[in-house]
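Atoms within a ligand are numbered from 1 in the order they appear, just like the ligands themselves.
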Amino acid sequence: MAIATFDGVHRPLDVLIAGAGIAGPSLAYWLNRRGHRPVLVERMDRLRTGGHAVDIRGTALDVIDRMGLGDAVRDARTRILTLSAVRSDGRSTYEVALRQLHDGRGGREVEIMRDDLVRILFDAVAGDVEVVFGNAIRSVTQGETSVGVGFDRGPSREFDVVIGADGQHSALRALTFGPERDYARHLGAYLSIYTVDNLLNLRDQTMLYNEPGRAAAVFTVRGNARAKVVLLFRSGRIGIDNADQRAQCDLLGRRFTGMGWETPRLLEALDGAYDYYFDEMAQVRMPRWSSGRVGLLGDAAFGPSPMSGQGTSLALIGAHLLAHQLHSAPDVATAFDQWENGFRAHVIRNQRLAGDGLAVLLPGSRRGIAMRNQTMRMMPVLARLGSGFAGRLERASRSVTLPD
Ligand SMILES: Cc1cc2nc3c(=O)[nH]c(=O)nc-3n(C[C@H](O)[C@H](O)[C@H](O)COP(=O)(O)OP(=O)(O)OC[C@H]3O[C@@H](n4cnc5c(N)ncnc54)[C@H](O)[C@@H]3O)c2cc1C
């Protein structure tokens, strides 16, 4: 068994990880593999599912391969073949063959439903690490050689290190670093995603409809049995409660009133949706990702927003690099320092992609929509040439080196 040389003592580390999304189970996997004792605590009673398809690309795919999960992830990849941008009458303005696009990037990109990836990562650690569902960290008291953690339920416990992988609205960040408003930079848009029956009878297809500042998209999932609806709108920050689904649905109703194409039907279907996700498009930017023995990882520390398409890849790579440092550095402070020094430039580069993503998915004007359509038509060529957004994304996704 691998043993850490840590704070001058040779022993496995007890690491508490809050959040069983993407980053949490990934870090637990790597720590467990190196002989440490991670404990995962997830606030929900079971894995939190829902959400869009997420991309794993570039170096993040190498991490997945190192975890031995390459086949499972590729088997679960989405089967969407085409993206069609439509007019209000449903006629298509252009169509992009997505599989060709991915192949044009040398196959270094896998699109997978977030639910499926969460399940695959969790299965890779279930049975090997302690997992606590339905509980959360209430207090953190840092000492010289350990951290005392109080929970919503059950007795307090001591850990060597505590990591918050608890997402964009991280509670551990609020406890240790201060309120979310100090770190979350609003990107000027809101996103909702929910699953409905395949109302439009699509076949392995995504349809995207834009009006200035508003977008509605639908794509098929689960062998075309169901469809995911994506609604996006531009807006300054709205004081809306993250947990108030009724208020969010009312807001969507108001924002999408009068929108053309199939949008009224998609809105109507919100009532009977199988799952539901709503959040502001925000980017988490922190001057430092750790304080003493407490660190943050994934969206909690550096969420780039879905507009960058890189949140999942950053979480996967970040977890691998952090586990490497916690295992090999001589003490906690050095581990966190070296992790940040080696990873921050990659994060910044990928966070910058969010502006491109917003312009592509949610143009703010008719001219913007026309320009986006023009670019999309050239997408396969741009991808082959490695230029435009496709090229920037590809280069950013590989701008970090993994340890041997
Ligand atoms: C429901 C959902 C849908 C999403 N949909 C998309 C999408 O469509 N497109 C996209 O690009 N990105 C999406 N994301 C974000 C994407 O998953 C992340 O960018 C990325 O994968 C990084 O993962 P993460 O593990 O840091 O955070 P997340 O995947 O957000 O996972 C955080 C986990 O922490 C848990 N948690 C929260 N608070 C606490 C707490 N106090 N204590 C313990 N556990 C806690 C959450 O329940 C969740 O399981 C979604 C996230 C969620 C939660």
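Close contacts of ligand 1 with Ala165, meaning ligand atoms under 4.0 Å from a residue heavy atom, involve 32 (C), 33 (C), 34 (O). Residue contact check: Gly167 has heavy atoms under 4.0 Å from atoms 27 (O), 30 (O), 32 (C) of ligand 1. Atoms of ligand 1 found under 4.0 Å from any heavy atom of Ala315 (numbered from 1 in listed order, with element): 22 (C). Near Gly298, with a cut-off below 4.0 Å to any heavy atom, the atoms of ligand 1 are 26 (O). Of all atoms in ligand 1, listed by their number and element, those nearer than 4.0 Å to a heavy atom of Ile193 are 8 (O). Near Ala171, the atoms of ligand 1 lying under 4.0 angstrom from a non-hydrogen atom of the residue are 41 (N). With ligand atoms numbered from 1 in the order given, ligand 1 contributes 19 (O), 20 (C), 22 (C) to contacts under 4.0 Å with heavy atoms of Gly311. Counting atoms of ligand 1 from 1 in the listed order, those under 4.0 Å from a heavy atom of Val41 are 43 (C), 44 (N).
Side-chain atoms of Asp166 come within 3.5 Å of backbone N or O of Ala171 as a donor-acceptor pair. Using modelled atom types, one side-chain atom of Gln248 and one backbone atom of Asp241 make a donor-acceptor pair closer than 3.5 Å. For Arg265 (side chain) and Leu199 (main-chain N/O), a donor-acceptor pair under 3.5 Å exists by modelled atom type. Here the side chain of Gln351 pairs a donor or acceptor atom with the backbone of Phe302 at under 3.5 angstrom. In this structure a side-chain-to-backbone donor-acceptor pair under 3.5 Å is missing from Arg392 to Asn350. A donor-acceptor pair under 3.5 Å is formed between the side chain of Ser365 and the backbone N or O of Gly368.
In this structure, Arg46 fails the cation-pi test against Phe133, since its NZ or CZ atom is not both closer than 6.0 Å to the six-membered ring centre and inside 45 degrees of the ring normal.
Counting heavy atoms under 4.0 Å from ligand 1, residue Met44 touches it through the side chain alone. With a 4.0 Å heavy-atom cut-off, ligand 1 is reached by no atom of Ser170. Looking at Leu314 against ligand 1, nothing comes within 4.0 Å, counting heavy atoms. Counting heavy atoms closer than 4.0 Å to ligand 1, residue Val54 contributes side-chain atoms (C-beta onward) but none from N, CA, C or O. Contacts of Pro306 with ligand 1, taken as heavy-atom pairs under 4.0 Å, involve both backbone and side chain.
The shell of residues lying under 4.0 angstrom from ligand 1, judged by heavy atoms, includes Ala20.
Taking all atoms of both residues into account, the shortest heavy-atom contact from Leu316 to Val63 is O-CG1, 3.7 Å.
By the 3.5 Å distance cut-off applied to N or O atoms, Asn135 is not counted among the residues near ligand 1. For ligand 1, none of its N or O atoms has an N or O atom of Gln168 under 3.5 Å away. Looking at Arg48 next to ligand 1, no N or O pair under 3.5 Å apart turns up. Between Ala23 and ligand 1, an N or O atom pair is found at a separation short of 3.5 Å.
With distances taken over non-hydrogen atoms, the option nearest atom 53 (C) of ligand 1 out of Arg46, Arg114, Arg43, Arg173 is Arg114.
Residues Met286 and Leu296 form a side-chain contact, since some pair of their non-hydrogen atoms from C-beta on lies under 4.5 Å apart.
Between His36 and His327, the ring planes lie perpendicular to each other; the angle is over 60°, past the 30° to 60° tilted range.
No side-chain donor-acceptor contact under 3.5 Å links Arg395 and Ser397.
When the side chain to side chain donor-acceptor pair (under 3.5 Å) test is applied to Thr334, the partners found at least two apart in sequence or on another chain are Asp331.
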